[in-house]
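Below is one structure; the comments refer to it alone.
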Amino acid sequence: MDKAYDLVIVGAGPAGSTAAYVAARLGLRVLIIDRFRFPRMKPCGGGLTQKSSLLLRNLGIDLSSVIKYECRRVAVINNAGSFVLTDNEPIISVVSRNEFDNYLLTSALEEGADYVIDRITSFNVGNDHVNVVGVGNTYIGKYVIAADGANSIIAKRLGNDIRKYNAIAYMTISHGNYDDLCMIDMTRIKWGYSWVFPRGGNEYDVGIGSILWSNYRTQLIKYVSEVGLNAGVVLGHPIPIRPRKILTSKRIVLTGDAGGFADPTTGEGIFYAMYTGTLAVLALRRSSNPSEFSRNYLRLIEPVIKNLSLAYYLSLSVYGIDHLAMGRLGISAFSMPNTRGLIRRIMSGKTWYSQVPLSLLRFSITKGPREVLKRILNGEF
């Protein structure tokens with residue numbers, strides 16, 4: 001390909017399409033490359049948190065046409081019981097990933113971005129450009145944003161071990177008649193949870209995921225049957241739960257799942273994909289050379305890395321101490337209104353995980369052991 005672009009984006013999922021949309025609106029010549037023709041099926045729970053919807057609204061993207069269901073009640077179930085989160089605003093907005101991703105890509109194309117279907121195999125970095133090599137052609141860009149998912153070929157070729165720090169999830173679109181709330185159930189699997197998200201029209205996104213890597217297809221099908229639904233095709237996908245060791249190189253940055261940006265506590269990846277994609281373009285806009293691009297991007301994503309690092313250790317507490325240990329004694333931090341309110345604020349984007357450990361530690365150090373000791377003294381154990 002003779003045409004040179006200001007920016008080549010590999011991957012047309014939420015990270016890549018959002019980056020392309022922002023870059024095109026800023027007047028950059030943008031090319032998006034993806035190995036699939038859109039719309040395409042993407043295994044995912046399809047739950048958008050409030051902060052995801054807010055981010056897109058601030059970018060000028062109206063999601064109303066692709067929202068299939070809005071959950072204002074979310075039930076969290078663990079060994080200690082059931083705890084319901086409620087809000088006047090949708091806590092989780094459920095989308096179909098094939099429709100949602102296609103909508104984001106279309107929004108980018110309407111802003112002037114170009115799009116080709118090809119599978120990228122390698123890249124070569126020159127003094128003033130990058131050659132992105134695909135099966136069908138070679139594409140030239142001054143800079144590259146890698147948004148090619150958890151199995152990113154670019155992340156791997158930069159020297160990352162893409163098999164490290166991955167959770168695994170399986171999902172299926174099921175049919176039947178179930179509750180109208182979004183359900184997150186930690187009792188069905190160790191170190192993870194199952195979910196049921198309504199999509200309207202007696203259709204539900206049902207899945208199961210864990211930080212323990214295994215094949216959960218059979219377990220998912222059994223779970224779908226137990227909740228009274230009929231399973232469809234089961235699809236699996238990895239979820240990175242730690243940012244990659246190498247996130248930038250000369251003229252290249254990693255975003256979204258390619259960069260390992262997903263919440264290890266909730267499994268949420270869509271927000272972090274769109275957010276890091278946007279930050280990558282803003283970093284490029286502020287840069288006059290490749291070194292500055294890399295520095296600016298690392299500076300902008302530093303709070304994200306710190307936030308997800310805290311979330312990783314928090315996930316060990318949520319699924320280990322709170323659920324597996326204290327939950328069996330009928331005790332959970334989820335029983336505290338302050339904790340539930342904090343979770344809502346995190347999902348809405350009003351606060352980061354830096355506020356969470358203090359809440360959980362206060363509960364674990366004071367009330368938790370005190371209640372356990374009292375029960376032991378009363379002869380309950």
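For the pair Ile252/Val125, a side-chain contact is recorded, criterion being any heavy-atom separation below 4.5 Å from C-beta on. Using a 4.5 Å heavy-atom cutoff, the side chains of Pro90 and Cys71 are not in contact. The side-chain heavy atoms of Arg72 and Leu181, taken from C-beta on, include no pair separated by under 4.5 Å. Taking the side chain as every heavy atom from C-beta outward, Cys182 and Trp195 never approach each other to under 4.5 Å. Side-chain contact check for Val144 versus Leu7: every heavy-atom pair is 4.5 Å or farther apart. Here the side chains of Ile145 and Leu254 are not in contact, with every heavy-atom distance at 4.5 Å or above. Contact of the Arg157 side chain with the Ser122 side chain is registered, since non-hydrogen atoms from C-beta on lie closer than 4.5 Å. Under the 4.5 Å side-chain criterion, counting only non-hydrogen atoms from C-beta, Ile120 is in contact with Ile33.
With Thr18 contributing its side chain and Ala15 its backbone, the two residues share no donor-acceptor pair below 3.5 Å. At distances below 3.5 Å, not a single donor-acceptor pair connects side-chain atoms of Thr172 with backbone N or O atoms of Ser174. Counting only distance, with no hydrogens or angles, the side chain of Asp34 and the backbone of Ile117 share no donor-acceptor pair below 3.5 Å. Looking only at distances, no side-chain donor or acceptor of Asn160 sits under 3.5 Å from a matching main-chain atom of Arg244. With hydrogens and angles disregarded, a donor-acceptor distance shorter than 3.5 Å links the side chain of Ser210 to the backbone of Trp191. In this structure a side-chain-to-backbone donor-acceptor pair under 3.5 Å is missing from Asp257 to Gly260. At least one donor-acceptor pair under 3.5 Å links the side chain of Thr255 to the backbone N or O of Ala146. Of the possible polar contacts, none joining the Asp263 side chain to the Leu308 backbone as a donor-acceptor pair under 3.5 Å is found.
By the criterion of side-chain heavy atoms lying less than 4.5 angstrom apart, applied directly or through intervening Ile, Leu, Val, Met, Phe, Trp or Tyr residues, Met171 is not grouped with Ile239; the two fall into different hydrophobic clusters. By the criterion of side-chain heavy atoms lying less than 4.5 angstrom apart, applied directly or through intervening Ile, Leu, Val, Met, Phe, Trp or Tyr residues, Leu59 is not grouped with Leu105; the two fall into different hydrophobic clusters. Residue Tyr5 is not grouped with residue Tyr115 when hydrophobic side chains (ILVMFWY) are merged at heavy-atom distances under 4.5 angstrom, including chains of intermediate members. Two different hydrophobic clusters hold Ile32 and Tyr21 under the rule that ILVMFWY side chains link at heavy-atom gaps under 4.5 Å. Phe36 and Ile270 fall into different hydrophobic clusters, defined by Ile, Leu, Val, Met, Phe, Trp and Tyr side-chain heavy atoms under 4.5 Å apart, directly or through other members.
Within 6.0 Å of NZ on Lys164 lie no more than 12 heavy atoms contributed by other residues, nucleotides or ligands. The 12-atom threshold is exceeded at NZ of Lys68, counting heavy atoms of other residues, nucleotides or ligands nearer than 6.0 Å. By the 6.0 Å contact criterion, CZ on Arg199 is enclosed, its count of non-hydrogen atoms from other residues, nucleotides or ligands being greater than 12. Atom CZ of Arg40 sits in a crowded spot, with more than 12 heavy atoms from other residues, nucleotides or ligands closer than 6.0 Å. Counting non-hydrogen atoms of other residues, nucleotides and ligands closer than 6.0 Å to CG of Asn127 gives a total of 12 or fewer.
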*Run the numbers on Tyr193 and Asp185 for side-chain contact (heavy atoms from CB on, under 4.5 Å), then give the verdict.*
CA-CA 5 Å; Tyr193 66 87; Asp185 187 349; 5.9 Å; no

*Would you check, one step at a time, whether the test side chain to side chain donor-acceptor pair (under 3.5 Å) holds for Tyr319 with Asn78?*
CA-CA 9 Å; Tyr319 296 114; Asn78 65 11; over 6 Å; no

_Verdict with reasoning, Phe38 to Asp101, per side-chain contact (heavy atoms from CB on, under 4.5 Å)_ = CA-CA 8 Å; Phe38 280 49; Asp101 289 12; 3.9 Å; yes

*Determine, stepwise, if the pair Asn296 / Ser287 fulfils side chain to side chain donor-acceptor pair (under 3.5 Å).*
CA-CA 7 Å; Asn296 283 339; Ser287 305; 2.9 Å; yes

*Where do Tyr272 and Asn307 land on the side chain to side chain donor-acceptor pair (under 3.5 Å) test, with the steps shown first?*
CA-CA 11 Å; Tyr272 294 99; Asn307 180 60; 3.1 Å; yes

*Which is it for Leu63 and Phe100 under the side-chain contact (heavy atoms from CB on, under 4.5 Å) test, yes or no, and what are the steps along the way?*
CA-CA 8 Å; Leu63 285 180; Phe100 174 73; 3.6 Å; yes

*Test Thr138 against Val132 for side-chain contact (heavy atoms from CB on, under 4.5 Å), laying out the working first.*
CA-CA 6 Å; Thr138 297; Val132 181; over 6 Å; no

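The aromatic rings of Tyr275 and Phe271 lie parallel to each other, their planes meeting at an angle below 30°, with 60° marking the opposite boundary.
Here the OG-CD distance, from Ser214 to Gln219, works out to 8.0 Å after rounding to the nearest 0.5 Å. If you take CG on Asp180 and CD on Glu70, they are separated by 13.0 Å, rounding to the nearest 0.5 Å. Atom CZ of Phe261 sits about 14.5 Å away from atom CD1 of Ile241, to the nearest 0.5 Å. Considering CD1 of Ile162 and CD1 of Ile153, their distance stands at 7.0 Å, rounded to 0.5 Å. The structure places CD1 of Ile91 at 14.0 Å from CG of Leu48, a figure rounded to the nearest 0.5 Å. Asn98 contributes atom CG, which lies 11.0 Å from atom SG of Cys44 (distance to the nearest 0.5 angstrom).
Under the rule for a salt bridge (charged side-chain N to carboxylate O under 4.0 Å, His left out), the partners of Lys142 that lie at least two apart in sequence or sit in another chain are Asp6. When the ring pair (Phe, Tyr, Trp, His ring centres under 6.0 Å) test is applied to Tyr170, no partner is found at least two apart in sequence or on another chain. Listed by chain and residue number, Tyr178, Tyr223, Leu229 satisfy the side chain to side chain contact (heavy atoms under 4.5 Å, CB included) test with Val227 (two or more places apart in sequence, or in another chain). For Glu111, there are no salt bridge (charged side-chain N to carboxylate O under 4.0 Å, His left out) partners two or more places apart in sequence or in a different chain. Residues passing the side chain to side chain contact (heavy atoms under 4.5 Å, CB included) test with Leu298, sequence neighbours excluded: Leu247, Thr248, Ser294, Ile301.
Under the 4.0 Å criterion applied to side-chain N and carboxylate O atoms, Asp205 and Arg97 are not assigned as salt-bridge partners. Taking 4.0 Å as the cut-off between side-chain N and carboxylate O, Arg73 and Asp87 do not count as a salt-bridged pair.
For the residue pair Glu268 / Thr49, a side-chain donor-acceptor distance below 3.5 Å is found, with atom types taken as modelled.
For residues 293-311, the salt bridge (charged side-chain N to carboxylate O under 4.0 Å, His left out) pairs, not counting sequence neighbours, are Glu302-Lys306.
The minimum heavy-atom distance linking Met274 with Leu104 is given by the pair SD-CD1, 4.1 Å.
For the pair Arg242 and Tyr312, the cation sits on the ring face: its NZ or CZ lies under 6.0 Å from the ring centre, inside 45° of the axis.
The distance between the ring centers of Tyr143 and Phe293 falls below 6.0 angstrom.
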